[in-house]
Amino acid sequence: MMARPLGGKVCLVTGATRGIGKGVALQLGQAGATVYITGRTLKRTNNIPGSLEDTAKEVESRGGRCIPIQCDHTDDAQVRGVFERIKQNHDGQLDILVNNAYAAVKAISSNMSKRFWEHDDNMWDTVNSVGLRNHYLCTVFAARMMVPRQQGLIVNISSAGGLRYLFNVPYGVGKAAVDRMAVDCAHELRKHKVAMLSLWPGSVKTEFITEYLAEASEKAAEDNAAAKRTKALFIDGESPEFSGKVIVGLAQDPNLMKKSGRILLSADVAKEYNIRDIDGQEIHSFRSVSVMLKMAGWQRTAAVIPRFIKVPYFMVTLLNSKF
Ligand SMILES: NC(=O)c1ccc[n+]([C@@H]2O[C@H](COP(=O)([O-])OP(=O)(O)OC[C@H]3O[C@@H](n4cnc5c(N)ncnc54)[C@H](O)[C@@H]3O)[C@@H](O)[C@H]2O)c1
């Protein structure tokens with residue numbers, strides 16, 4: 001059997017019962033790593049799609065090794081327990097942490113039309129206790145294992161909402177903070193040879209998004225421009241495994257430390273490493289002028305502009321500057 005690129009590596013993916021976390025776990029496992037996964041649901045029930053057992057079985061059906069740990073990431077003691085277990089089982093070894101768990105997809109999508117003062121008082125905590133505070137806690141525990149071994153990679157799963165308004169206020173503030181956390185932690189980790197970065201997937205066809213779009217298009221009138229735009233974006237969207245393929249690529253990059261402390265777009269890294277999605281599709285980053293026009297609702301103009309024409313990073317920064 002051929003040696004697999006991440007053979008011998010120990011990884012943890014938080015929130016991997018479904019969505020991007022599951023996709024990342026599948027790819028890390030397929031690449032040969034031992035993958036610990038967390039989530040609240042051990043066994044599948046009728047009303048919640050996905051479970052730790054489902055993900056673990058799928059990783060193992062691809063020849064990978066997956067260890068599910070039931071953990072509610074709002075509970076610090078449970079989170080600490082996950083890292084203690086990995087530490088004991090692997091003599092302190094943890095090579096990759098993917099901070100992915102996110103509790104707010106449903107709360108955000110069902111309150112899309114509300115302004116921040118109209119949300120329930122607990123919206124901030126729903127969005128940011130798992131999606132921000134817990135990422136920091138996991139990063140602290142992971143760094144305590146990685147720094148003594150002078151190696152490791154920590155990835156925060158974030159989004160373009162860290163740069164400009166998307167969905168709602170706690171969402172954007174959380175994403176901006178998760179991005180900044182990666183940059184600042186990487187600063188302190190650099191001399192210990194541990195890399196940390198923030199990764200922005202594009203539009204990802206997760207189980208929830210697929211279901212949401214199907215329901216939305218049933219409900220929406222044919223001329224609902226916003227619904228049409230969203231649907232158009234996700235039709236060309238990524239699979240949940242795409243960012244997993246990118247993380248496998250990053251973990252093998254001999255120059256990984258050059259990328260540490262940066263915000264990276266999954267599609268841009270994939271282009272650099274020559275990675276395509278699991279169905280062979282090339283994924284275009286939101287820096288592509290054509291993708292931007294599509295997001296703005298200019299479908300016809302978008303269709304005639306080649307997708308490889310991209311807005312340079314310095315211009316993205318300038319256009320979004322708040323100074
Ligand atoms: N779906 C997209 O298009 C998209 C695009 C860019 C970035 N992202 C980001 O990717 C991340 C994951 O999003 P997703 O779409 O895969 O979400 P999802 O809702 O499909 O999956 C979230 C995962 O987190 C787990 N989780 C939630 N609360 C938890 C808790 N308290 N304890 C333990 N586990 C918990 C869930 O069980 C699930 O496994 C988020 O940060 C999201 O903003 C998503």
Side-chain angles (χ1 to χ4, degrees), residues 12-26 36-45 47-56 68-79 81-82 98-110 125-135 137-138 155-163 166-168 170-179 181-182 198-213 230-231 233-244 246-247 263-267 283 285-286 295:
L12 168 62
V13 184
T14 68
T17 60
R18 59 169 191 265
I20 296 173
K22 178 177 179 181
V24 172
L26 291 175
Y36 283 80
I37 55 169
T38 59
R40 287 159 303 172
T41 315
L42 191 59
K43 284 179 194 297
R44 192 181 340 163
T45 56
N47 48 355
I48 307 170
S51 73
L52 290 169
E53 280 189 356
D54 287 347
T55 303
I69 306 181
Q70 195 168 24
C71 170
D72 182 340
H73 280 273
T74 58
D75 181 334
D76 293 1
Q78 290 187 37
V79 176
V82 170
V98 181
N99 282 319
N100 167 79
Y102 202 73
V105 174
K106 198 159 188 193
I108 291 169
S109 57
S110 38
D125 288 340
T126 304
V127 176
N128 289 323
S129 66
V130 174
L132 170 60
R133 184 185 180 280
N134 156 74
H135 284 9
L137 190 67
C138 288
V155 179
N156 279 353
I157 301 294
S158 182
S159 89
L163 190 64
L166 214 60
F167 309 141
N168 73 31
Y171 174 85
V173 178
K175 293 302 181 202
V178 154
D179 288 341
M181 184 202 305
S198 209
L199 190 66
W200 293 1
S203 312
V204 186
K205 292 186 270 192
T206 61
E207 299 87 335
F208 182 85
I209 296 284
T210 309
E211 201 177 297
Y212 173 77
L213 290 173
T230 315
K231 208 169 172 189
L233 266 181
F234 277 90
I235 279 172
D236 289 337
E238 314 163 9
S239 82
E241 290 187 52
F242 180 65
S243 285
V246 167
I247 293 171
I263 297 166
L264 300 172
L265 278 63
S266 292
I283 301 294
S285 108
F286 88 89
M295 283 163 92

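When a ligand or atom number is given, it counts from 1 through the structure's own listing order.
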Quiz prompt | Trace of the salt bridge (charged side-chain N to carboxylate O under 4.0 Å, His left out) decision for R133 with D76 | solution = CA-CA 10 Å; R133 184 185 180 280; D76 293 1; 2.9 Å; yes
Provide the number and element of each atom of ligand 1 under 4.0 Å from a heavy atom of [X].
X: T17; value: 36 (C), 37 (O), 38 (C), 39 (O)
X: D72; value: 30 (C), 31 (N), 32 (N)
X: V105; value: 17 (O), 19 (O)
X: G19; value: 16 (O), 20 (O)
X: G39; value: 33 (C), 34 (N)
X: T206; value: 1 (N), 15 (O), 16 (O)
X: I157; value: 9 (C), 10 (O), 11 (C), 41 (O)

Test item: [X] side-chain N/O and [Y] main-chain N/O as donor-acceptor pair under 3.5 Å:
X: N156; Y: S158; result: no
X: Q78; Y: H73; result: no
X: T38; Y: G15; result: yes

[atom]: which protein heavy atom is closest, and how many Å away?
atom: atom 29 (C) of ligand 1; value: R40 NE, 3.4 Å
atom: atom 32 (N) of ligand 1; value: H73 N, 2.9 Å
atom: atom 21 (O) of ligand 1; value: R18 NE, 3.7 Å
atom: atom 23 (C) of ligand 1; value: G15 O, 3.5 Å

Heavy atom to [atom], shortest distance: which of [options] holds it?
atom: atom 5 (C) of ligand 1; options: S159, G202, S203; result: G202
atom: atom 44 (C) of ligand 1; options: I20, V13, V204; result: I20
atom: atom 33 (C) of ligand 1; options: G161, A101, C71; result: C71

Rounded distance (nearest 0.5 Å) linking atom [atom1] of [X] with atom [atom2] of [Y]:
X: S159; Y: L166; atom1: OG; atom2: CG; answer: 6.0 Å
X: N100; Y: L199; atom1: CG; atom2: CG; answer: 10.5 Å
X: R18; Y: F208; atom1: CZ; atom2: CZ; answer: 8.0 Å
X: L132; Y: L137; atom1: CG; atom2: CG; answer: 11.5 Å

Quiz item: When only distance counts, is K175 in polar contact with ligand 1, meaning an N/O pair under 3.5 Å?
Solution: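 N/O-N/O distance under 3.5 Å: yes.
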Quiz item: So, is Y102 polar-close to ligand 1, with some N/O to N/O distance under 3.5 Å?
Solution: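 So ligand 1 has an N or O lying under 3.5 Å from an N or O of Y102.
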How does [X] reach ligand 1, if at all, at less than 4.0 Å between non-hydrogen atoms: by side chain, backbone, both, or neither?
X: N100; value: both
X: F234; value: side chain
X: P240; value: neither
X: V130; value: side chain

Quiz item: For D54, which of R44, K22, K43 qualifies under side-chain hydrogen bond (donor to acceptor under 3.5 Å, both in side chains)?
Solution: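 Output: one option passes, namely R44.
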Exercise. Given side-chain contact (heavy atoms from CB on, under 4.5 Å), test V98 with I157 step by step and report yes or no.
Key: CA-CA 7 Å; V98 181; I157 301 294; 3.9 Å; yes
Exercise. Kindly give the heavy-atom pair with the smallest separation between L52 and I37, and that separation in Å.
Key: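 Reported closest heavy-atom pair: O-CD1, 3.6 Å.
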Quiz item: Minimum heavy-atom separation for T14 to A101, with atom names?
Solution: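 Closest approach of T14 to A101, heavy atoms only: OG1-N, 2.9 Å.
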Quiz item: When you look at S129 and T74, which way does the side chain to side chain donor-acceptor pair (under 3.5 Å) test go after all the steps?
Solution: CA-CA 6 Å; S129 66; T74 58; over 6 Å; no
Exercise. May I ask you to check if K175 and Y102 form a cation-pi contact, with NZ or CZ under 6.0 angstrom from the six-membered ring centre and within 45° of the axis?
Key: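 Cation-pi check for K175 and Y102: passes.
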Should [X] be listed as contacting ligand 1, given a heavy-atom distance under 4.0 Å as the test?
X: T38; value: no
X: W200; value: no
X: S158; value: yes

